[in-house]
Undergrad: 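Can you keep this structure in mind? I'll have questions shortly.
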Amino acid sequence: MKRLAKWRLISLFSILALVLSGCGEPYLSTLKPAGEVADTQYDLMKLSTLIMVGVIVIVAIIFVLILVRFKRRDDRIPKQVEGSHKLEIIWTAVPILLLLILAVPTVAATFKLADVSPMDKKNSKALVINVRSHLYWWDFEYPGQKIVTSQDLVVPTNEKVYFNLKSTDVKHSFWIPAVGGKLDTNTENVNKFWLEFDDKRSNEAGNVFYGKCAELCGPSHALMDFKVKAISRDKFDAWVTAMQNVKEPQKAQSAVAAQGQELFNQSCIGCHAVTPSNKMPETARLAPNLSDFGNRTRVAGVLDHNKDELKNWIRNPETYKPGNMMTGKYPEMSEEQLDALADYLMGLKVQ
Amino acid sequence: MANQQLNSGNPRVDIEYRRKKNAEEMRYQLVSFALMIFLTLIAFAAVAIKGFTAWFTIPFIILLAVVQVIFQLYYFMHMSHKGHEAPSLFLYSGVLVGAITILAFTTIIWW
Amino acid sequence: MSTYAQKKGFGATLWDFLTTVDHKKIAILYLIAGGFFFLVGGLEAVFIRIQLAVPNNDFVSAGLFNEIITMHGTTMIFLAAMPLVFAFMNAVMPLQIGARDVAFPFVNALGFWLFFFGGIFLNLSWFLGGAPDAGWTSYASLALHSKGHGVDFYVLGLQISGIGTLIGGINFLVTIINMRAPGMTYMRMPLFTWTTFVTSALILFAFPPLTVGLVLMMFDRLFGANFFDATMGGNTIIWEHLFWIFGHPEVYILILPAFGIFSEIFPIFSRKRLFGYSSMVFATVLIGFLGFMVWAHHMFTTGLGPVANAIFAVATMAIGVPTGIKIFNWLLTMWGGSVKFTTPMHWAMAFIPSFLAGGVTGVMLASAAADYQYHDTYFVVAHFHYVIVGGVVFAVFAGTHLYWPKMFGTMLNEVLGKITFWLFFIGFHLTFFIQHFLGLWGMPRRVFTYLPGQGFDTANMVSSIGAAFMGLGVIVMLYNIIITSVKNVKVGNDPWGDGRTLEWAIPSPPPFYNFKQLPLVRGLDAYWLEKMDGKKGMTPAEPLGDIHMPNSSFLPFMMALGLFIAAFGAMYHVNDKAWALPVLIIGLLVTFGSMFLRSVRDDHGFHIHKEDLIDEDDKGVKA
Amino acid sequence: MHADEKFTYETWPAAPEKATLESKNKFLGFWFFLGGETVLFASLFATYLALKDKVPSTTHHLAKDLFELPLTFVATMLLLTSSLTSVYAMYHMKNFAFKKMMVWLGLTALLGAGFLGLEVYEFSHYVHEGHTFTSSAFGSAFYALVGFHGGHVAFGLLWCLTLMFRNSKRGLDLYNAPKFYVFSLYWHFIDVVWVFIFTVVYLMGMVG
Ligand code: HEA
Ligand code: HEA
Ligand code: CUA
Ligand SMILES: [Cu+2]
């Protein structure tokens, strides 16, 4: 059994090393919580882990004692013990107690995280965002502000943000690991919850959090990422005003871009809106709103945000996101046309 | 009526006794059938007569259905007889699982 | 009737297995078929791990990856783990209660063939246009959206094999209630028999919701119904509920027999009776009961509301208590015992910490508010592989080594067995431990790839290396099986030397009628009691007499085959294939025709005559 | 007692449905099957309740526009009575009165066929009104639940006829007595389910 003991020691150390070294990336990890919801959940995780480690330690002690003490050494027949009521009571009662210690905060937290009463109040000042999930992109509508954006969610820090979640095609799930979550977007009902983004910790994470789709939704489920820009309330208000001011599609800046705009108006505008105003019904919003595309962090959620990748995307979306809904819906573009489109799209910035 | 417990040694007597038992049981069956028909009539009447609120009618007719089913199970299907411990255990377990399912579908699927 | 001992050609052996109604042969069929599907599912797992070993990998495409994970999960759960535990139930349970056969030998065979044809049907999807790709849970919105016939294969294949499982469960229930040997009271039944009993009850109540769910899905996909189509008033949450009302009990259907196998191993190799037998029985029943009250813990993020989530969270945690009772009873069984570290015991010992780790993460998942973070991440993947592999697969390996001599009359090699163990054990922890962290760091499950720069790279590589170790372990085991079968060294009735229950009192493998005379059971661990009294075998409970045996039959095979054929018709009728309807009808005719034949043809079985039994050279067949 | 033994009125056991090990097994196994069927139908009921009146637009029929009391009432009476006739059949089976048993079984089958006929009529009526299996989620759920029950009745009918046909010449023995008994259990169970269907689907549907 020496081998076993040694192996256990090594694994113990490697586990420790892991725990110390890795809590994951601040913009992505649930172990680096950056808001009230994630904090609550992290506290529950810590509490439950503590209890579980306790249980494991007890079992491990008994287990090791057995390993060292009761190995067969001779041919004797041990005493046939039937059981022990005293022990049985102990190992029924103690787990029940431990579970109660976990159950109470669990129930409390479950109700706390589900409390969305402020969003239903009349004249409430609470910021509400309607999230609509699509294969494989995210649509974000700010009903109070009457603006729509896609892929990059913009939120103010240090206040509760309320979400209405629904899907337009198949079920997805809305998750921002570092800030809390998750909640499914169903096809038949609206789910509601809230999140809070802590200002200080948002800064530490670079003000951009990664969001994920957490429900299998088809081939590109893995690529249905979105980003969350958490900025101060002032900056947020400025952004909202800027967005609201874009009443007409922005004019292209250069000749090439103007050519791109023309192309865009021929082939793309049927699906992609370039004004953030909330005029279209949500079922008519077939593709990401591109009004603020120049400020995106990624192209289509996964590609680096630069002209080359943008051109690659328009050239053949299928290679980057299998099964996406854009493939084959527009005429093939020449290199020049791609350049023009890219110029135009990259220039679409509201601020 | 558990297994072959009736042996007085004289087959003739046993037969007589058993026939009487069976006939008697058959009378109970008839009575319970009459009751079932009666309950059905009340249930239909409760709905046919418009006048009651749904809050009364629905629980009421469900109650009637349950009573009627108990008659079916215990008399027609002989669950009142000996030797039905395992069947009733499993039937009621099924009823329990089914009831939880129905409860869940009528409460937490509301949209 | 002494022909059974003669040597037969391949054709005759094949025919024998196609028509057998003997529970021991059906057990072998389950073992072979389940083992085969385990290899298939394992191969799929290896493909998953290869694809995920490095970021942005393109070993398989996105769509294919989804097919692989779906088939991996479905195959492992329905076609590998369940049949494998069914193999041991069939092989051992009737012997443990001192029965000559199961209550419905014909139904037993039918159950196997239904499972088998369902599994084959499901796997044919690989060659007929693509496998199902909506996950083993096949959530309705995606399943309806899925193109091609993949999901149809899932729906029809599982339906067929599900019916097989259901009737198998009923068969075991009746066997245990009606066929126990004299003196074998409920509270003297070995724990494996008890877990078989509770598992069968779970099957009886858990499979109907799945059946209904699959029927609804089939209607939606193939016959234009609208159960799950939100635009027509349908509701996908219905599928989620039906699936999990089945799905949660299903995981206990898997783990309880595993608990049973370990409850046999610990006493045997500790030479000590099971500690707290009655509380073990009680805990088993309680786990089974609670198993039906907790399904919504898989749906915490569906949006059921805080009241439902809180109730289901607390109910889920409660299951930790009876499971804990079991863990401590096993430990106390070894405490004060004389523990011998054979291969089965290695698996059993390793099971305790491994399953414990999986169980406690289960309780962490049960904390609803925290589960919003864990759900659909690799944390969940880690949890369920810890309980399933660390519990069920370990038990299957343990049971294979333990019961191999009873089933085939020869032992597996102990050294190779231990090599398999260490390779698999190390690989297992290497693969799955780190996945807890992947989940917490934000990696969702069911992703065909991940982008670099999110901190997932190293951990995924480690996990993939672990899978390779497991694969090696399995290969060593296959080698072990082959060489020991070739050598075929025969063993006696109690090859481990410390057998306690009735199955160890009769030859390995047992004669086809199991017990020449039914044994008299005088207490728990019946055979051990006799051995301690210095006796060689069991005291018979009846004089030697004729033994009634059922006839073999080809009809079970035909009934299952008919459904298999019909399923193709049902599936292709949506493509307006002209042959679809005739095929559907022919298939159903084969099935119903066989059923009709079965019901109009009297089958009274046959008798082995007393004289023939005496003629048998007495190789310990006594009781 | 062996299954193929010949019996007389005197030697016929008191509980012929459970006199041999095989028949005891059959008896128990069938009850367990009914336990499973309970959950099966409960799942269908649950689905129906969740989807009741869930239709895509206001032009679709709802429960209260569709159902009619008289038809349901007649169907109910037919099926309830068939339960009684099958009890009579079992009564005669226990008394070793083969002929009488067959007569009552025949009556049972007749009533069952009447019920099925009414159901077919009813369904075709709804289909004409535009309430079909594919017209809405409500339609799907309705036909699934009631149709599943109807399928059970149809199967029971076939079963009954097969039993009568197969055993018409040879009278009662311990091999077929449990078969008749188990059939009667099945038939009662169908009736039990129908009691809930007429209550939950039809009566509750009309209440609104
Ligand atoms: C064999 C299979 C098996 C077993 C036995 C279990 C056992 C348990 N499981 Fe697991 N589970 C699965 C298979 C299994 N599970 C699968 C396959 C999934 C994923 C399905 C999918 O989505 O694809 C899943 C998912 C799953 C979820 C959903 C996660 C999610 O998707 O978000 C949850 C949540 O509550 C859960 C909980 C539990 C609990 C509480 C137990 C308990 O039974 C564990 C009890 C055991 C112990 C607790 C250890 C021993 C106890 C003691 C030593 C006593 C002291 C202990 C304490 C006081 C804590 N499981
Ligand atoms: C009984 C159940 C069971 C078992 C035993 C396993 C065993 C394994 N599982 Fe699996 N798994 C599931 C049930 C199971 N799994 C389920 C239900 C899912 C969820 C699916 C879903 O999301 O829908 C899942 C998902 C799942 C995932 C997540 C996929 C994803 O979310 O994207 C991963 C990833 O690592 C994985 C890995 C493994 C590995 C490495 C093993 C290993 O233990 C396997 C070890 C076995 C081998 C290595 C055998 C190798 C065989 C050979 C080498 C022989 C060669 C072949 C021939 C001769 C034919 N499994
Ligand atoms: Cu959307 Cu996964
Ligand atoms: Cu579960």
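Throughout, a chain's letter reflects where its sequence line sits, starting with A, and its residues are numbered from 1. This is a predicted model, so every value here is computed, not measured.
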Undergrad: With a 4.5 Å limit on heavy-atom distance, are the side chains of D:Leu84 and B:Leu30 in contact?
TA: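 Answer yes - side chains close enough.
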Undergrad: Does any backbone or side-chain atom of B:Ser93 lie under 4.5 Å from a heavy atom of chain D? Answer side chain, backbone, both or neither.
TA: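 The answer is neither part of B:Ser93.
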Undergrad: Measuring heavy-atom distances to chain B, does D:Thr72 have an atom under 4.5 Å in its side chain, in its backbone, in both, or in neither?
TA: both
Undergrad: What donor-acceptor contacts under 3.5 angstrom involve side-chain atoms of residues 67-76 of chain B, with partners at least two apart or in another chain?
TA:
| from | atom 1 | to | atom 2 | distance (Å) |
| --- | --- | --- | --- | --- |
| B:Gln68 | NE2 | B:Thr40 | OG1 | 3.1 |
| B:Gln72 | OE1 | D:Ser83 | OG | 3.4 |
| B:Gln72 | NE2 | D:Ser83 | OG | 3.3 |
| B:Gln72 | NE2 | D:Asp191 | OD2 | 2.7 |
| B:Tyr74 | OH | B:Tyr92 | OH | 3.0 |

Undergrad: Decide yes or no on side-chain contact (heavy atoms from CB on, under 4.5 Å) for B:Phe105 and D:Leu49, but give the supporting numbers first.
TA: CA-CA 7 Å; B:Phe105 277 50; D:Leu49 286 171; 5.8 Å; no
Undergrad: Determine whether the aromatic ring centres of residues D:Phe198 and B:Phe44 are separated by less than 6.0 angstrom.
TA: yes
Undergrad: Measuring heavy-atom distances to chain B, does D:Phe189 have an atom under 4.5 Å in its side chain, in its backbone, in both, or in neither?
TA: both
Undergrad: Please classify the contact between B:Ala23 and chain D as side chain, backbone, both or neither, with a heavy-atom cut-off of under 4.5 Å.
TA: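 Backbone plus side chain of B:Ala23, per the 4.5 Å heavy-atom cut-off to chain D.
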Undergrad: Please classify the contact between D:Leu185 and chain B as side chain, backbone, both or neither, with a heavy-atom cut-off of under 4.5 Å.
TA: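 Answer is both: backbone and side chain atoms of D:Leu185 are under 4.5 Å from chain B.
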Undergrad: Got a second to check how far B:Asn22's CG is from D:Met93's CE, nearest 0.5 Å?
TA: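 Going from CG on B:Asn22 over to CE on D:Met93, the span is 10.0 Å.
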Undergrad: Is it true that, when you exclude B:Tyr28 itself, more than 12 heavy atoms of the residues, nucleotides or ligands shown sit nearer than 6.0 Å to its OH?
TA: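 Not more than 12 within 6.0 Å, no.
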Undergrad: Less than 4.5 Å to any heavy atom of chain D: does that hold for the side chain of B:Val95, its backbone, both, or neither?
TA: both
Undergrad: Under 4.5 Å, counting heavy-atom pairs only, tell me which of B:Leu39, B:Leu91, B:Leu89, B:Val66 racks up the most with chain D.
TA: B:Leu91
Undergrad: Does any heavy atom of chain B fall under 4.5 Å from the side chain of D:Ser184, the backbone, both, or neither of them?
TA: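 Neither part.
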Undergrad: Within the 4.5 Å heavy-atom criterion, are D:Tyr88 and B:Gln29 side-chain neighbours or not?
TA: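 No, too far: nothing below the 4.5 Å cut-off.
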Undergrad: Would you say the side chain of B:Thr101 lies within less than 4.5 Å of the side chain of D:Phe45, judging by non-hydrogen atoms?
TA: no
Undergrad: Is it the case that over 12 heavy atoms from other parts of the model lie below 6.0 angstrom from the NZ atom of D:Lys179?
TA: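 Counting neighbours around NZ of D:Lys179, more than 12 heavy atoms of other residues, nucleotides or ligands fall under 6.0 Å, so yes.
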Undergrad: Less than 3.5 Å apart, which donor and acceptor atoms pair up between the side chains of residues 29-37 of chain D and the rest of the protein, not counting sequence neighbours?
TA:
| from | atom 1 | to | atom 2 | distance (Å) |
| --- | --- | --- | --- | --- |
| D:Glu37 | OE1 | D:His152 | NE2 | 2.7 |
| D:Glu37 | OE2 | D:His152 | NE2 | 3.3 |

Undergrad: If you count heavy-atom pairs under 4.5 Å between each of D:Thr76, D:Asn95, D:Thr38 and chain B, which one has the most?
TA: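 Winner by heavy-atom pair count: D:Asn95.
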Undergrad: For the atom pair CZ (D:Phe196) and CD1 (B:Ile62), what is the distance rounded to the nearest 0.5 Å?
TA: 8.5 Å
Undergrad: Return the OG1 to CG distance between D:Thr199 and B:Leu64, rounded to the nearest 0.5 Å.
TA: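 Interatomic distance, D:Thr199 OG1 to B:Leu64 CG, rounded to 0.5 Å: 8.0 Å.
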Undergrad: Name the member of D:Ala42, D:Ala46, D:Ser43 that forms the most heavy-atom pairs with chain B at distances under 4.5 Å.
TA: D:Ala46
Undergrad: As a quick check of understanding, evaluate ring-ring contact (aromatic ring centres under 6.0 Å, His included) for D:Phe27 and B:His78, giving each step before the final call.
TA: CA-CA 12 Å; D:Phe27 170 83; B:His78 313 294; 9.3 Å; no
